[in-house]
Colleague: 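Here's a structure for you.
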Amino acid sequence: MTAPVPGAASTRPHVVLGVGGGIAAYKACELLRLFTESRCEVTVIPTAAALQFVGEPTWAALSGRPVASEVWHDVHEVPHVRLGREADLVVVAPATADLMARAAQGRADDLLTSTLLTSRAPVLLAPAMHTEMWEHPATRENVATLRRHGYVVLDPAVGRLTGPDTGRGRLPDPEEIHATALDLHERRGGGSDVGRDLEGRRVVVSAGGTREPLDPVRFLGNRSSGLQGFALARTAALRGAEVTLVAANTDLPVPAGVEVREVETTEELQTQVVAASADADVVVMAAAPADFAPVSLAGAKIKKSSDGSTPSIELRETPDVLAGLVADRGDETSPVIVGFAAETGDANGSVIDHARAKLARKGCDLLVVNDVGGGAVFGRPDNSAVLLAVGASPYDVPQGSKSALAHVVWDRVVALLDPSRGAAAEPDAGGRHASESRDL
Ligand code: CTP
């Protein structure tokens, strides 16, 4: 089930879905479905070329609303102004090279480009085209212009294109476009924008839970879904970073413009994270690596014994990837290293006591602390946390979407990368400084 738009309990946000004339127009049908399922009211504006790929009846049936395709229809309602003004969010998918060229020039030669000019809502463009078109200097300049104008332009995905060829140019996954669009709406609703303050930065994020094989069919693992790590990767890319996501056993769509390296075990995770971190500015260890692995891997499935005895499994400790990164960094201040702490309170101390000890033990710059008592966080779309840093008081991030928490983490990272921007990067998601002794 699709998560409802945050804050949309009473009002249904009005989304304009512009569809450009590319073969990926058929994927916009799925995107439209995701918006309507998350309680958005969607008006589809297909270009004339888009209607060559998917006809008006499809858009009308899926949106449950009339399709707006012509400046000359319902002229008395002045649609080229009204639709833009009424929109809470404008999403264009696929955004073709031609459409982006026209939008970058501020042209208003059809209903969609007119709407882009009249709307003051956040605009998200999801490009799709052949690699050569995406890489052409004209398109690069148009994308830069659109970003300067405040539009969020996703990087296309890498993969199979229209013909037998592959490369960068695929429409990002509709689920990812949808998640990014809701994120943008939520940010703007909270009075913040999505700036490109991580432009030029190389970021590595790990996500998911590693698995340590026991025999050909069994493994030791954990319940991490990878959702928080993927939200961190998505939001970092949105803020302009070049992102490598090391994903352990996740089944989530690839965030737009993010390079994913898939791993299974803690050792594989370590190899990929260390390799990707060589020239990184930031490493965020959001993954939940298995702390123990079986000493030996059985070559055949371990069978139940006929006498009812149960096998015992001897375990060894896996490497601590985070501590290794901190040790390798030595006295350098780069990369900025962020750890996560999944904690439960116990007789020996509160969640925050354990987290403080972990921050000291691991030596990272920032620790994002989740209270996982009762499995509170796993697999849910929302999260709350406390951010701990050496020499700073704990910072409470209230319950909200995992994207909202990710943005607060990036705000803090931006301040660590460039301390002169510390004040500007003060978290703005409604967080507050928590009392040191508070149990989470
Ligand atoms: N971590 C790591 N390598 C491991 C285990 C954990 O890099 N083998 C990282 C996690 O990605 C996270 C941080 O260390 O950023 C804390 O993970 P957590 O599971 O909370 O702590 P542990 O180090 O496993 O300590 P413990 O289970 O004893 O609390």
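This is a predicted model, so every value here is computed, not measured. For ligands, and for the atoms within them, numbers begin at 1 and follow the listed sequence. Numbers for residues simply follow the sequence, beginning at 1.
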Colleague: Ligand 1: which protein N/O atoms lie under 3.5 Å from its N/O atoms?
Modeller:
from     : atom 1 : to     : atom 2 : distance (Å)
ligand 1 : 3 (N)  : Val321 : N      : 3.0
ligand 1 : 7 (O)  : Val321 : N      : 3.2
ligand 1 : 7 (O)  : Leu322 : N      : 2.7
ligand 1 : 8 (N)  : Pro319 : O      : 2.9
ligand 1 : 11 (O) : Met285 : O      : 3.3
ligand 1 : 11 (O) : Ala287 : O      : 2.7
ligand 1 : 14 (O) : Lys362 : NZ     : 2.9
ligand 1 : 15 (O) : Met285 : O      : 2.7
ligand 1 : 15 (O) : Phe340 : N      : 2.8
ligand 1 : 15 (O) : Phe340 : O      : 3.2
ligand 1 : 20 (O) : Ala342 : N      : 3.1
ligand 1 : 20 (O) : Lys358 : NZ     : 2.6
ligand 1 : 21 (O) : Lys358 : NZ     : 2.8
ligand 1 : 23 (O) : Lys362 : NZ     : 2.5
ligand 1 : 24 (O) : Asp291 : OD1    : 3.1
ligand 1 : 24 (O) : Asp291 : OD2    : 2.9
ligand 1 : 27 (O) : Asp291 : OD2    : 3.4
ligand 1 : 29 (O) : Lys358 : NZ     : 2.8

Colleague: Could you check Ser309 against Asp307 for side chain to side chain donor-acceptor pair (under 3.5 Å), going step by step and ending with a plain yes or no?
Modeller: CA-CA 6 Å; Ser309 64; Asp307 64 3; 2.8 Å; yes
Colleague: Do we get Arg316 above Phe292's six-membered ring, with its NZ or CZ under 6.0 Å from the centre and within 45° of the axis?
Modeller: no
Colleague: For a quick test of reading the model, state the closest non-hydrogen atom pair linking Leu325 to Ser277 and the distance between them.
Modeller: CD2-OG, 3.9 Å
Colleague: Any donor and acceptor pair, going by atom type alone, linking the side chain of Thr250 with main-chain N or O of Ala247 inside 3.5 Å?
Modeller: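 Such a contact is absent between Thr250 side chain and Ala247 backbone.
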Colleague: Taking the side chain from Asp165 and the backbone from Leu161, do they hold a donor-acceptor pair closer than 3.5 Å?
Modeller: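 No.
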Colleague: Taking Ala290's backbone N and O only, do any of them form a donor-acceptor pair with Thr210's side chain (distance below 3.5 Å, no angle check)?
Modeller: yes
